[in-house]
Amino acid sequence: MPELPEVETTRAGIEPHVIGQRVSRVIVRNAQLRYPVPDALARQMSGQSIEAVSRRGKYLLLKTAPGTAMIHLGMSGSLRMVDADLAPEKHDHVDIVLASGKCLRLHDPRRFGSVLWEAGDVTQHKLLASLGPEPLSDEFDLDYLFRDSRKKTQAVKLFVMDSHRVVGVGNIYANEALFMAGIRPTVPAGKISRKRYQVLVRCIKQVLIAAIEQGGTTLKDFVDGSGKPGYFQQKLKVYGRAGEPCEACGAAIKHIKLGQRATYYCPSCQS
DNA sequence: ACGAAGCCCTGCAAGC
DNA sequence: TGCTTGCAGGGCTTCG
């Protein structure tokens, strides 16, 4: 599932192909994604030039003069640049066709993703306005996270995965960052010392930066912006490794559910 | 106001 | 072999 590094990789991958390009038309084959794809997308985006490709959390933002397309890949979505005349396959729900003859094609088997249109200030869109800071920004630091954590009984893993606190820390990287920080995912957020939060903040940033640098990780659904499969998994130390020996100490990696989500940790290294 | 649970969806894997 | 069942999961919504 695309996490922040995959979305960033996609953004960087498509950017050179779409910047300054005129949208000749938008084809919506299946509007039934997480939210219905609004008619305004095709109506208002057609004929416009794409001025910028940015990202807020896991939302990709394609800016044009009359508004901004907001694309979320959900957990099985991918965006590829393909020739506009390439026959669409199953689950290819939306094409943003460019005057260059290429098109930006959204593929999303599970349809947890979304394509929305915001005519006004996109940062004020309901889905973006209340998001927490970017994890790689200076705003996301020790003081911010520590202050927010006091008296919280919520498990620290769920605490850092809440996008209203900080965006972009998805399940895989939450597991990995907590392993790196030596913190057990189940510990109440309010019980963790300032010193340990210092380590955690650093680990979250480090894990995300490393993943972005290697071109994003991926599961089998992910295809990067230029159409090449991403690589993945070899670097994960706990996620998906239930029962396998911990790289650091050899203890068997544990697998539990936390907030309905698969959670992995080393019972010896993480406390 | 907060925390926990529910829900959306398809593909794949495991179990019978 | 062919069914059924369970699981994966981001993140908004609803419930308690």
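Note on naming: letters A, B, ... go to the chains in the order of the sequence lines (proteins, then strands), and numbering restarts at 1 for each one. Predicted, not measured: the structure shown is a model, and the values here were computed from it.
When distances run from any side-chain atom of A/P109 to the nucleotides C/dA8, C/dG10, B/dT10, the shortest one goes to B/dT10. Each of B/dC9, B/dG11, C/dC12 was ranked by its minimum atom distance to the side chain of A/F112; first place goes to B/dC9. For A/R34, whose side chain is taken as the heavy atoms from C-beta onward, the closest listed nucleotide among C/dG10, C/dA8, B/dG6 is C/dG10. Nearest to the side chain of A/H91, among B/dG3, C/dC12, B/dT10, sits B/dT10.
Close to C/dG11, at under 4.0 Å from its OP1 or OP2, lies a side-chain N or O of A/H72. The phosphate of B/dC9 (OP1 or OP2) has no side-chain N or O of A/Y35 nearer than 4.0 angstrom. Taking side-chain N and O atoms only, A/K58 has a distance below 4.0 Å to OP1 or OP2 of C/dG11. Phosphate proximity of C/dC12 to A/H164: present, with a side-chain N or O under 4.0 Å from OP1 or OP2. Between C/dC12 and A/K126, no contact under 4.0 Å exists linking OP1 or OP2 to a side-chain N or O.
A/S114 and A/H72 form no side-chain donor-acceptor contact under 3.5 Å, judged by distance and modelled atom types alone. A donor-acceptor contact under 3.5 angstrom links the side chains of A/K157 and A/T263, judged on distance only.
One N or O donor and one acceptor, one from the side chain of A/R261 and one from the base of C/dG11, sit under 3.5 Å apart.
Aromatic ring pairs are classed by plane angle as parallel below 30°, tilted from 30° to 60° and perpendicular above 60°; the pair A/H255 and A/Y264 is parallel.
Ion pairing of A/E176 with A/K237 is absent here, as no side-chain N (NZ or NE/NH1/NH2) approaches a carboxylate O to less than 4.0 Å. With salt bridges taken as basic N to acidic carboxylate O contacts below 4.0 Å, none links A/D108 and A/R34.
Within 4.0 Å (heavy atoms only), A/R111 reaches sugar-phosphate atoms of the nucleic acid but no base atom. If you check every strand for non-hydrogen atoms under 4.0 Å, A/L127 touches sugar and phosphate atoms only. Using a 4.0 Å heavy-atom distance criterion, A/K90 is classed as a sugar-phosphate-only contact.
Taking atom CG of A/D108 as the reference point, atom C1' of C/dG11 lies 14 Å away to the nearest angstrom. In this structure, CZ of A/R56 is placed 12 Å from P of C/dG11, rounded to the nearest angstrom. As a whole-Å value, the separation of A/K257 NZ from C/dG6 P is 12 Å. Put simply, CG on A/L33 is 15 Å from C1' on C/dG11, counting in whole angstrom units. Atom CZ in A/R110 sits roughly 13 Å away from atom C1' in C/dG6 (whole-Å rounding). Atom CG of A/L73 and atom P of B/dT10 are 18 Å apart (whole Å). Taking atom NE2 of A/H107 as the reference point, atom P of B/dG11 lies 9 Å away to the nearest angstrom. Separating the CD atom of A/Q32 from the P atom of B/dC8 is a distance of 13 Å, rounded to the nearest angstrom.
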Exercise. Yes or no on salt bridge (Lys or Arg N to Asp or Glu O under 4.0 Å) for A/E6 and A/K58, after CA distance, side-chain angles and deciding distance?
Worked result: CA-CA 9 Å; A/E6 286 80 6; A/K58 294 179 185 171; over 6 Å; no
